[in-house]
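Notes for the one structure printed next.
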Amino acid sequence: MDSIIRNIITIGLPTLILLIARVATGKTGDLATWSVLRKLGGSFGMLIGLCVLVFVGFVANSVSYFVVDSLLVRFYQKRRELEPPEQLVTEIDKLPITNDLKIKLKWAVMHSSHYKIISLKHVISKWFILAAIVGALLSIAGYLGQINILFELSSHFKLQYLLVGFSTFIFFALVRSKKIWLLVSAFCIIINLAEIVPWYFPVPAFAGATPGQHLRILHSNVLTSNRQYSEVISLVKAEQPDIAVFVEVSTVWAKELAVLSEMFPYSCHYQQSERFGSAIYSKLPLKNPSVKPFSKRRKSLFAEVEFQGKIISLILAHPTVTDKTAEFYRSQ
């Protein structure tokens with residue numbers, strides 16, 4: 001019986017993920033399945049998406065051992081306080097469960113106090129196992145941002161997941177734990193290293209590129225609660241962009257950023273509320289500056305600049321989670 005429950009959990013969790021993702025895609029048939037696998041694989045492709053589901057199955061199988069075994073052990077430990085151990089042992093022998101689980105239950109019944117001591121010794125190990133599982137699952141969830149905004153939010157902590165992966169890997173290596181947890185930790189390390197390592201390698205320069213051929217734009221979400229005005233202004237002066245744009249500009253930030261007019265002769269600003277506004281500062285003339293309602297909740301600052309004989313449209317948007325602004329831009 002316990003092996004059946006474990007198999008249901010092992011197969012059920014990946015299947016549930018696949019079904020939910022299929023529904024989210026809005027597609028049907030094999031096309032929906034291939035689409036889900038591609039999304040699960042992220043930039044690595046459909047094959048990795050399939051590997052992700054297999055990996056989730058392995059993790060679910062390992063977790064099922066703790067769920068099934070722990071519940072039964074505690075159940076019989078409670079009964080031991082009221083019933084004779086010999087009677088419980090006879091009952092355990094008749095249960096339709098695996099021999100390994102029968103041995104665990106008999107040990108818990110006959111040596112209850114000692115079993116609790118052993119369990120306490122493994123509390124730290126279980127916490128590290130939980131950390132490894134959560135770190136790996138959140139690392140995967142970051143690639144499912146197109147399915148749900150909550151998945152997208154989990155993609156912002158790659159460095160933290162990497163640190164968790166290293167910590168659990170070192171722990172499991174020192175205590176010589178089961179190889180499955182070393183593999184889970186290694187997976188967490190690899191999938192996050194693949195994202196983090198490119199951050200520290202400079203973008204290769206293109207041959208033949210000369211100053212003045214590119215339009216340099218600095219974009220900054222200054223954060224309304226932030227008070228580091230001088231740092232932001234110093235960054236703009238150091239980078240010397242052709243255009244600098246800012247969102248989450250409060251009324252206080254608007255006054256502080258006004259000093260940039262010394263560098264940028266052209267600017268436009270929109271203050272939707274005391275806390276939220278946006279601003280564009282430019283060394284190039286701004287044409288047709290206006291405010292446009294691309295979403296229902298927040299409006300966007302719009303302007304055009306002419307660069308090397310071409311008209312470039314600037315749309316400075318800061319949509320909320322529920323806005324459809326991103327969908328609007330993708331459709332253009």
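Side chains are part of it too, since the values below use all heavy atoms of this structure and drop only hydrogens, waters and symmetry mates. Throughout, numbering of the chain's residues begins at 1 and tracks the sequence.
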- Same cluster for V236 and L215 if Ile/Leu/Val/Met/Phe/Trp/Tyr side chains link at under 4.5 Å? no
Donor-acceptor side-chain pairing of E195 and Y161 below 3.5 angstrom = no
Item to complete: Look at the rings of Y229 and W253 and say which category their plane angle falls in: under 30° parallel, 30 to 60° tilted, over 60° perpendicular.
Response: perpendicular
Of all heavy-atom pairs linking S278 and L301, the shortest is OG-CB, 3.6 Å
In short, I191 meets S139 closest at the heavy-atom pair CG2-CB, 3.7 Å
- [ ] Verify the cluster assignment for V245 and L235: are they in a single hydrophobic cluster under the rule of side-chain heavy atoms below 4.5 Å apart?
- [x] no
Q. So, do V247 and H219 sit near enough that their side-chain heavy atoms are less than 4.5 Å apart?
A. yes
query: Is there side-chain contact between V249 and F276, with heavy atoms separated by less than 4.5 Å?
result: no
side-chain hydrogen bond (donor to acceptor under 3.5 Å, both in side chains) filter on E256, not counting sequence neighbours, yields none
Apply side-chain contact (heavy atoms from CB on, under 4.5 Å) to residues L88 and R79 and explain how you reach the verdict. CA-CA 8 Å; L88 294 177; R79 289 183 59 185; 3.5 Å; yes
For L223, the hydrophobic cluster (side chain heavy atoms closer than 4.5 Å, chained through members) also holds none
Exactly one candidate in Q272, E248, K299 meets side-chain hydrogen bond (donor to acceptor under 3.5 Å, both in side chains) with H318; the answer is E248
Check whether any side-chain heavy atom of P241 lies under 4.5 Å from a side-chain heavy atom of I217, and answer yes or no.
-> no
Side chain proximity check, I189 to F166, heavy atoms < 4.5 angstrom:
yes
